[in-house]
Colleague: 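Take a look at the following structure, please.
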Protein chains: 2
Amino acid sequence: MTAQTQKPKIRDAEATRARILAAAKVEFARFGLGGARVDTIAENSGANKRMIYHYFDSKENLFREVLEAAYVDIRSAEQALDLDALAPRDALEKWIRFTWDYYLANPEFITLVNSENLHRAKHLEDSQAIRVISRRFVASTKDLLDRGVDDGVFRSDIDPVQLNITIAAIGYYYLTNRFTGSIVFERDFMTPEALEERLAFNIETIMRLVCV
Amino acid sequence: MTAQTQKPKIRDAEATRARILAAAKVEFARFGLGGARVDTIAENSGANKRMIYHYFDSKENLFREVLEAAYVDIRSAEQALDLDALAPRDALEKWIRFTWDYYLANPEFITLVNSENLHRAKHLEDSQAIRVISRRFVASTKDLLDRGVDDGVFRSDIDPVQLNITIAAIGYYYLTNRFTGSIVFERDFMTPEALEERLAFNIETIMRLVCV
DNA sequence: ATGCTAATTAACGCAACAGTTAGTTACTTG
DNA sequence: CAAGTAACTAACTGTTGCGTTAATTAGCAT
């Protein structure tokens with residue numbers, strides 16, 4: 001046997017910890033911090049409640065770790081896009097698509113962020129990790145804008161932070177409020193056609209805003 | 001005495017009901033449906049817990065009434081804008097400003113809607129009232145767009161629903177995620193200058209999208 | 001092998017919380 | 001003004017849910 005030289009341990013701290021985190025992510029995403037049940041997390045993780053307190057000390061701290069991991073994940077995926085390799089307009093469109101696709105593929109990100117804002121970001125407040133990855137994120141969008149300005153295809157007076165917020169907003173809002181939205185506007189927000197239409201509208205919105 | 005012919009009653013069903021609703025709005029807005037405490041609502045309303053169950057039957061039903069009232073309020077304020085009286089471009093800008101100002105002045109609206117979406121809109125699901133007021137709302141934005149197209153100042157291929165969503169999104173997202181936003185972007189989202197800058201950016205975004 | 005450390009479990013404690021019971025008191029109507 | 005009704009209150013109940021206690025067992029080092 002070449003791989004799997006380690007025999008599968010019955011007791012595996014790292015694996016148990018990871019299983020708890022995964023189960024917690026699902027539970028917090030579905031019900032928010034307040035609505036989540038640590039008994040449910042314990043059960044779904046295949047561990048038991050005492051393990052949660054062993055590895056994470058408290059429900060709130062478990063939430064904090066889930067949330068931080070979610071931010072690290074989206075920012076990592078973003079960096080992996082390698083937008084530098086594309087012409088500014090192509091890079092911008094790719095970034096808008098990525099943001100939309102990421103929210104669709106990882107709906108828990110949105111719910112976790114909503115829950116954290118209901119709690120006024122007190123869990124993220126002193127996370128240095130978030131600040132570090134966010135700086136790189138803002139810097140790379142600024143780079144993209146600068147490149148576009150140099151090429152004469154982007155307007156020169158766009159604030160990268162406002163642009164970031166706007167690109168997130170037009171996707172995020174549509175998805176997080178899809179339930180009340182479906183009632184207010186009397187249409188299914190989640191059919192493939194509706195999703196495609198929304199993405200196209202979002203690309204149009206941003207392109208008109210940014211391009212000269 | 002001309003007014004106040006009714007002597008102030010010690011027992012006043014309508015007033016008590018209204019006080020409970022007002023206290024519930026504050027509590028639900030601050031903590032969401034799950035995080036709200038009916039003991040707190042009772043205390044802050046100056047009534048007591050039994051009265052809540054007398055007038056509203058359950059915590060969930062109380063939430064439903066608070067939420068419906070919130071929708072009625074924003075849609076009424078919107079209708080009162082009387083956008084028909086303005087030229088299309090002016091009307092559009094006034095509407096964008098209104099949306100922003102309403103969210104700022106009534107932050108509980110955002111939190112209530114967030115909470116309802118966490119619960120997949122099950123409380124609004126069979127509210128006929130919401131559907132009725134929403135239809136008028138969508139119709140009047142469609143009227144505005146049509147007027148602009150007739151005047152040759154708006155693009156002809158804008159979907160009123162997508163526009164509605166987008167105008168809400170760019171204000172709503174900024175405000176609801178202002179806590180995590182302040183950390184990620186390392187700036188205070190709520191200074192007068194920041195608010196003004198965001199509103200200007202939003203107006204620019206929509207104008208570029210809609211105008212020919 | 002033996003003893004030590006860390007992983008794991010079941011069962012429990014206790015506070016918080018939604019909802020109720022069992023009344024008392026103000027107002028209204030005939 | 002008497003009797004009925006509706007507003008109102010305080011104290012209580014059963015359950016849920018976070019966090020712990022106390023004990024068991026697997027893996028590892030000497």
Side-chain angles (χ1 to χ4, degrees), chain A residues 4-67 115-116 118-119 122-123, chain B residues 4-67 115-116 118-119 122-123:
Chain A
Q4 193 67 31
T5 55
Q6 300 281 18
K7 60 178 158 192
K9 285 180 273 185
I10 293 169
R11 298 188 167 193
D12 186 334
E14 274 312 300
T16 302
R17 213 187 116 93
R19 268 172 16 240
I20 292 171
L21 262 180
K25 183 170 165 184
V26 171
E27 178 77 1
F28 286 134
R30 180 67 186 79
F31 302 107
L33 169 54
R37 296 294 159 244
V38 348
D39 287 271
T40 306
I41 294 170
E43 195 174 322
N44 292 342
S45 69
N48 74 76
K49 204 157 42 145
R50 189 65 189 81
M51 288 288 90
I52 293 175
Y53 289 91
H54 180 62
Y55 290 118
F56 298 97
D57 297 325
S58 69
K59 184 187 181 184
E60 295 222 352
N61 195 56
L62 175 57
F63 179 78
R64 183 196 321 273
E65 291 222 23
V66 168
L67 187 66
S115 194
E116 177 64 356
L118 181 61
H119 291 86
K122 75 171 192 174
H123 307 94
Chain B
Q4 194 67 30
T5 55
Q6 301 280 20
K7 60 178 158 191
K9 285 178 273 185
I10 292 168
R11 300 187 165 193
D12 187 334
E14 274 313 299
T16 302
R17 213 187 115 93
R19 267 170 19 239
I20 292 171
L21 262 180
K25 183 170 163 182
V26 171
E27 178 76 2
F28 286 134
R30 180 67 185 80
F31 301 106
L33 169 54
R37 296 294 160 243
V38 348
D39 287 271
T40 307
I41 295 169
E43 195 174 324
N44 292 342
S45 70
N48 72 76
K49 202 155 48 145
R50 188 67 189 80
M51 287 289 90
I52 292 176
Y53 289 92
H54 179 62
Y55 290 117
F56 298 99
D57 297 326
S58 70
K59 185 188 182 185
E60 296 222 351
N61 196 55
L62 175 57
F63 179 77
R64 183 196 320 275
E65 290 221 23
V66 168
L67 187 66
S115 194
E116 177 65 355
L118 181 60
H119 291 86
K122 75 171 194 177
H123 306 95

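Throughout, a chain's letter reflects where its sequence line sits, starting with A, and its residues are numbered from 1.
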Colleague: Look at the side chain of A:Y53 and decide which nucleotide, out of D:dG19, C:dT20, D:dG17, has an atom nearest to it.
Modeller: D:dG19

Colleague: Could you tell me how the ring of A:F28 sits relative to the ring of A:F63: parallel (under 30°), tilted (30 to 60°) or perpendicular (over 60°)?
Modeller: perpendicular

Colleague: Closest approach to the side chain of B:R50, judged atom by atom: which nucleotide of C:dT20, D:dC18, C:dT9 is it?
Modeller: C:dT20

Colleague: What's the CD-C1' distance between A:E43 and C:dA10, to the nearest Å?
Modeller: 14 Å

Colleague: Rounding to a whole Å, what distance do you find between B:E14:CD and D:dA6:P?
Modeller: 14 Å

Colleague: NE2 of A:H54 versus P of D:dT24: gap in Å, rounded?
Modeller: 19 Å

Colleague: Starting at CZ of B:F56 and ending at P of C:dG19, how long is that distance when rounded to a whole Å?
Modeller: 14 Å

Colleague: Between A:I41 (CD1) and D:dG19 (P), how many Å, whole number?
Modeller: 11 Å

Colleague: Could you work out which one of C:dT8, D:dA7, D:dT9 sits closest to the side chain of B:N48?
Modeller: D:dT9

Colleague: Scan B:A36 against the nucleic acid and name what it touches under 4.0 Å (heavy atoms): base, sugar-phosphate only, or nothing.
Modeller: sugar-phosphate

Colleague: Starting from P on D:dG17, measure out to CZ on B:R37 and report it in whole angstrom.
Modeller: 11 Å

Colleague: Locate the shortest heavy-atom distance separating A:L118 from B:A29; write the atom from each residue and the value.
Modeller: CD1-O, 4.4 Å

Colleague: What nucleotide among C:dT8, D:dC18, D:dC8 has an atom nearest to a side-chain atom of A:K59?
Modeller: D:dC18

Colleague: Of all heavy-atom pairs between A:I20 and A:I52, which one has the smallest distance, and what is that distance?
Modeller: CG2-CG1, 3.8 Å

Colleague: DNA chain D: A:E60 or B:G46, which has the more 5' nearest nucleotide?
Modeller: B:G46

Colleague: Given D:dC8, C:dC17, C:dG19, which nucleotide is nearest the side-chain atoms of B:S58?
Modeller: C:dG19

Colleague: Take atom CG of A:D39 and atom C1' of C:dA11, then tell me their distance rounded to the nearest Å.
Modeller: 12 Å

Colleague: What nucleotide among C:dT8, C:dC17, D:dT9 has an atom nearest to a side-chain atom of B:M51?
Modeller: D:dT9

Colleague: Taking B:E43 first and then B:R37, would you say they form a salt bridge - that is, a charged N and a carboxylate O separated by under 4.0 Å?
Modeller: no

Colleague: Return the value, rounded to whole Å, for the distance between atom CG of A:L33 and atom C1' of D:dG17.
Modeller: 13 Å

Colleague: Determine whether B:R17 and B:E65 satisfy the following criterion, side chain to side chain contact (heavy atoms under 4.5 Å, CB included), listing intermediate values before the conclusion.
Modeller: CA-CA 11 Å; B:R17 213 187 115 93; B:E65 290 221 23; 2.8 Å; yes

